[in-house]
2 protein chains.
Amino acid sequence: MKNRLRVLRAEKEITQAQLADETGVSRQTINAIEKGKFDPSLPLAFKIARLFNMSIEEIFEDED
Amino acid sequence: MKNRLRVLRAEKEITQAQLADETGVSRQTINAIEKGKFDPSLPLAFKIARLFNMSIEEIFEDED
DNA sequence: ACTATTTGTAAATAAAACTTGACATACTTA
DNA sequence: TAAGTATGTCAAGTTTTATTTACAAATAGT
């Protein structure tokens with residue numbers, strides 16, 4: 001599962017810690033997701049998408 | 001997290017077991033998701049969405 | 001009524017998300 | 001040079017929750 005989180009965050013000019021704060025998870029969780037270490041839960045994916053005013057598919061890409 | 005799985009499946013006229021089969025999970029998992037007992041993993045959500053030619057947001061609705 | 005098929009659910013397991021804490025690196029800037 | 005901020009990572013632990021197995025209930029068909 002790839003994602004465009006890194007660039008989106010850069011565009012918005014917010015830090016991992018801020019994103020973590022706004023989504024209610026730890027900074028390391030955001031980092032891990034960005035680095036593709038694991039996928040967010042569906043609810044968290046929704047929260048992130050909402051924060052960027054985007055659809056989940058616009059942010060996350062299933063590689064299959 | 002609500003979802004329209006039940007009706008979509010009805011429209012497609014497939015059984016829980018068939019949907020389970022095509023998404024690679026157990027029949028009970030599909031049932032549980034339909035009944036809202038828990039949310040699918042993000043990869044599974046993608047698989048389901050792809051199967052119905054829909055976006056995740058068109059199938060699942062985050063209630064917050 | 002009987003059988004087959006579909007659905008519901010409890011209980012247990014497996015898996016994975018997420019946390020905490022710590023430390024290291026890089027970049028800035030004062 | 002020192003201090004502050006942002007990111008990377010890792011180990012280890014917790015805890016949530018997705019998923020399975022097994023069994024019960026319901027529904028449909030003959």
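If you're wondering where the values come from, they're calculated on a predicted model, not measured in any experiment. Each chain gets a letter, A, B and so on, in the order the sequences are listed, and its residues count up from 1. All values below were derived from every heavy atom in this structure, side-chain atoms included, with hydrogens, water molecules and symmetry-related copies excluded.
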Quiz item: Could you give the CG-to-P distance, from B:Asn31 to C:dG8, as a whole number of Å?
Solution: 5 Å
Quiz item: NA contact type, B:Ser26, heavy-atom cut-off 4.0 Å: base, sugar-phosphate, or nothing?
Solution: base
Quiz item: What does B:Thr29 touch in the nucleic acid at a heavy-atom separation under 4.0 angstrom: a base, only the sugar-phosphate, or nothing?
Solution: base
Quiz prompt | Value rounded to 0.5 Å, distance of CG in B:Asn3 from CD in B:Glu58 | solution = 13.5 Å
Quiz item: If you take all heavy atoms of B:Glu13 and B:Gln18, which pair is closest and at what distance?
Solution: O-OE1, 4.4 Å
Exercise. Could you work out which one of C:dA22, C:dT7, D:dT20 sits closest to the side chain of B:Arg9?
Key: C:dT7
Quiz item: So do the side chains of A:Glu22 and A:Lys47 get within less than 4.5 Å of each other, counting heavy atoms only?
Solution: no
Quiz item: Picking from C:dA17, D:dT20, C:dC18, which would you name as closest to the side chain of A:Pro40?
Solution: C:dC18
Quiz prompt | Residue mapping more 5' on DNA chain D - nearest nucleotide basis, B:Arg27 or A:Ala32 | solution = A:Ala32
Quiz item: So which nucleotide from C:dC18, D:dA6, C:dG8 ends up closest to the side chain of A:Thr15?
Solution: D:dA6
Quiz prompt | Closest-nucleotide ordering on DNA chain D, the 5'-leading residue of B:Lys37 and B:Gln28 | solution = B:Lys37
Quiz prompt | A:Glu63 side chain vs A:Met1 backbone, donor-acceptor pair below 3.5 Å | solution = yes
Practice problem: For A:Ile33 and C:dA16, give me the distance from atom CD1 to atom C1', rounded to whole Å. | Solution: 12 Å
